[in-house]
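One structure is given here, and the rest of the page talks about it.
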Amino acid sequence: MDVRARVEELRRQVSYYAYRYYVLDDPAIPDAAYDALFSELERLEAEHPDLVTPDSPTRRVGGPPLDRFAKVRHAAPILSLANATSAGEVRDWWKRASKFLPGDAPPPEFVVEPKIDGLTVVLTYEDGTFVLGATRGDGEIGEDITANLRTVQAVPLRIPLLPDDGLAAPRRLVVRGEAFMPNDKFRALNRLLAERGEKTFANPRNAAAGGLRQLDPVASRSRYLSLYCYAIVAQDGGTRTETQWELLAYLRRLGFLTPPDSAHIDSLDAAIAYGEEWMRRRDSLNYEADGVVIKLNHLATAQAMGFVGKDPRSAVAFKFPAREATTRLLRIGINVGRTGTLNPYAELEPVQLGGVTIERATLHNFDDLARKDIREGDVVVVQRAGDVIPYVVGPVLELRLPGAQPYQVPAECPVCHQPVRRNEGEVAVYCVNSACPAQLVRLVEHFVSRGAMDIEGFGTNTGALLVEKGLLKDVADIYYLRPEQLLQLEGFKDKKVGNLMAGIAASKERPLARVLAALGIRGVGSVVAQLLADAFGSIDALMAAREEDLQNVEGIGPEISRSIVEYFSIEGNRQVIEKLRRAGVRLAQERRAAEAQAAPAPLNGKTFVITGTLPTLSREEAKTLIEQHGGKVTDSVSRKTDYLVVGEAAGSKLDKARALGVPTLDEAQLRALLGVPS
DNA sequence: CCGCCTCGAGTTCT
DNA sequence: CTCGAGGCGG
């Protein structure tokens with residue numbers, strides 16, 4: 001590949017998108033896509049120094065000031081910050097930085113502030129009067145936006161804003177802050193713009209930039225803006241503060257807003273923990289932020305530690321792992337589910353996201369794919385939903401290759417090549433061939449899985465192999481496998497075959513509800529299967545049931561009834577049941593008398609939800625423990641939930657429980673409630 | 001008919 | 001974990 005051509009292409013693209021972003025406030029591509037282009041250019045230039053030119057966009061920091069605003073030279077250069085993307089990197093930063101601590105420095109303390117995503121501005125006051133407001137610009141020269149900032153409520157026009165006895169205004173004060181648009185204001189503004197048929201903003205940051213850079217301050221959208229101040233750039237007279245924490249308090253007394261959710265903390269580990277805790281809460285906050293800033297509290301010490309380039313040694317930006325990245329979609333593949341649904345997925349050029357390498361992502365269904373107009377070969381934006389499962393947000397249209405074709409929904413199943421069906425009004429596309437090997441593989445996988453027949457020694461690979469070799473034509477064939485057949489297969493020796501046969505034999509004793517769930521009847525999972533087992537007691541009674549009989553069961557409606565009757569009306573399915581019966585699989589409800597009366601039920605009727613990882617109990621163990629005491633465990637938090645059991649790395653359920661005022665328990669409290677010692 | 005509460009189904013990576 | 005949709009109660 002021709003590196004020189006690539007570098008030139010990247011420069012053209014980066015310059016154009018930077019212009020759209022910085023000058024027009026109208027980004028043409030997502031931030032993550034821009035970042036990807038920029039860092040590729042940086043990397044290539046680092047590897048090939050001979051290709052670097054003075055006019056490369058990497059040689060310029062920030063955007064060019066607009067011509068229409070007057071230019072302003074800053075009193076002191078506006079600094080940047082070193083970045084850390086993990087707790088380990090923060091510790092590394094401090095290990096390096098602390099070598100520069102002066103000998104007489106007090107024990108280190110820190111201030112943690114959110115790193116708000118807005119526009120850095122510099123405000124100048126003379127004899128208590130606001131005289132100049134400027135953008136950051138390139139760090140040395142910014143733009144005069146005094147008129148617009150004047151209309152922002154959070155900018156005090158005089159300091160002290162309120163009478164404060166004994167507090168005199170400094171003769172001259174230059175403070176630095178971040179102008180931003182709170183999330184609620186951003187949504188309100190976009191609603192308004194949409195109503196008027198005007199263009200909406202992509203995110204609060206761009207909206208804030210748009211507000212501040214409007215030429216006519218009266219029409220300015222600055223009433224939607226706010227501003228937090230957090231640093232003094234220059235000061236002449238007034239009160240001197242020794243620490244950052246005191247400085248924030250002093251700014252507040254003068255009438256400035258300071259960053260919310262900030263903390264004064266006496267050890268680095270606690271500061272890191274605070275930052276991590278804060279990151280978990282960030283979705284519930286009213287501002288956008290991409291991390292926290294950890295600063296050394298003692299100002300004179302911070303000053304003495306000096307700089308690395310433009311970055312002060314005494315502070316670090318502790319940023320989130322990116323939640324968004326761009327990469328190329330190599331191919332759109334199709335999975336066949338156990339119910340026959342065809343599900344598209346994306347094969348991606350591997351990309352780092354939130355600390356892991358992503359190379360595949362679900363595309364949900366064909367409607368979704370068409371709505372987003374995702375095509376093979378596109379550069380796409382990938383996010384991790386709920387910080388776990390990656391999904392494709394959409395294509396970057398500006399980077400689409402000329403020949404890219406819209407994706408066509410396949411007319412036939414990619415595995416068995418039978419025609420597909422799509423029911424009126426339904427999203428799903430089905431392969432209706434019940435003999436489709438792909439469906440059988442997934443059904444076998446489901447049948448042997450932990451929630452169903454739970455056959456030990458029988459994993460995903462085993463199932464796929466046995467189907468491929470023709471040893472399984474349906475799930476009941478599992479009970480007719482002979483050791484001598486298995487021994488012929490690659491990688492199957494005495495020991496493994498013995499384990500597998502024992503696992504299969506043991507599974508014949510599973511309760512009826514497990515068997516019903518294992519069959520894979522559409523709409524019948526573990527909960528519905530238990531309802532059916534309790535109501536009918538045996539598979540024969542269930543097979544004899546009519547739709548009306550089924551609907552009489554609490555929790556079973558018309559859809560599931562129809563699905564069950566249809567399942568048993570198919571000859572092949574009835575044969576599977578008979579084969580299971582002949583093999584000795586239990587097909588009737590077992591007696592559970594002892595269990596039912598022995599259990600004391602202090603938790604009768606209470607509903608529990610479990611989230612995160614508990615210290616000693618597995619999720620399954622906690623569930624049975626609660627059920628043995630008469631409680632019920634469900635999956636989602638609602639007003640009806642009595643307790644949320646919280647473990648390590650709890651997710652969105654905890655937020656929801658807090659919002660609804662649902663009490664939470666940790667494992668120890670749960671044990672206490674149940675009277676079970678650890 | 002609407003709004004909740006649940007359940008089922010599919011999903012990724014280490 | 002999230003999404004979609006079934007079931008139920010108001």
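Naming: A, B, ... by sequence-line order, numbering from 1 per chain.
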task = Return no unless some side-chain N or O of A/N335 is found under 4.0 Å from OP1 or OP2 of B/dT11.
result = yes
ask   = So, A/R375 and A/D378, do they make that salt bridge, N to O below 4.0 Å?
value = no
note = From the candidates B/dC4, C/dC1, B/dC7, the one with an atom nearest any side-chain atom of A/T611 is C/dC1
remark   = Checking C/dC1, B/dT6, B/dT12 against the side chain of A/K640 (C-beta onward), the nearest is B/dT6
key: Separation of atom CD in A/Q551 from atom C1' in C/dG6, rounded to whole Å   = 12 Å
query = Hey, are A/R328 and A/E349 close enough for a salt bridge, meaning a charged N less than 4.0 Å from a carboxylate O?
reply = no
query = For A/K473, does its backbone N or O pair with a side-chain atom of A/D477 as donor and acceptor, under 3.5 Å?
reply = yes
ask   = When the distance from CD of A/E559 to C1' of B/dT6 is rounded to whole Å, what number comes out?
value = 16 Å
key: Rounded distance (Å) that lies between atom C1' of B/dT14 and atom CD of A/E359   = 13 Å
task = Measure from the side-chain heavy atoms of A/R522 and tell me the nearest of B/dA9, C/dG7, B/dG8.
result = B/dA9
inquiry  = In whole Å, I'd like the distance from the OH atom of A/Y391 to the P atom of B/dC13.
reply    = 16 Å
ask   = For A/I521 and C/dG6, what is the distance between atoms CD1 and P respectively, to the nearest whole Å?
value = 17 Å
inquiry  = Side chain of A/N343 only, heavy atoms from C-beta on: which candidate in B/dC13, B/dG8, B/dT11 is closest?
reply    = B/dT11
request  = State whether A/R338 places a side-chain N or O below 4.0 Å from either non-bridging phosphate oxygen (OP1 or OP2) of B/dA9.
outcome  = yes
task = Would you please confirm or rule out a distance under 4.0 Å between OP1 or OP2 of B/dA9 and any side-chain N or O of A/T341?
result = no
query = Given B/dC13, B/dG8, C/dG9, which nucleotide is nearest the side-chain atoms of A/S526?
reply = B/dG8
key: Main-chain N/O of A/F608 paired with A/D642 side-chain donor or acceptor, under 3.5 Å   = no
Phosphate contact (B/dT6 OP1 or OP2) by A/S638 side-chain N/O below 4.0 Å = yes
inquiry  = To check you understand the geometry: which heavy-atom pair defines the closest contact between A/I610 and A/A622, and what is its length?
reply    = CD1-CB, 3.9 Å
task = Check the distance between B/dT6's C1' and A/L531's CG and give it to me in whole angstrom.
result = 11 Å
task = Nearest whole angstrom, please: distance from the C1' of B/dG8 to the CD of A/E445.
result = 16 Å
remark   = Picking from C/dG7, B/dA9, B/dT6, the nucleotide nearest the side-chain atoms of A/T339 would be B/dA9
ask   = Contact class for A/R442 vs. all strands (heavy atom < 4.0 Å): base, sugar-phosphate, or nothing?
value = sugar-phosphate
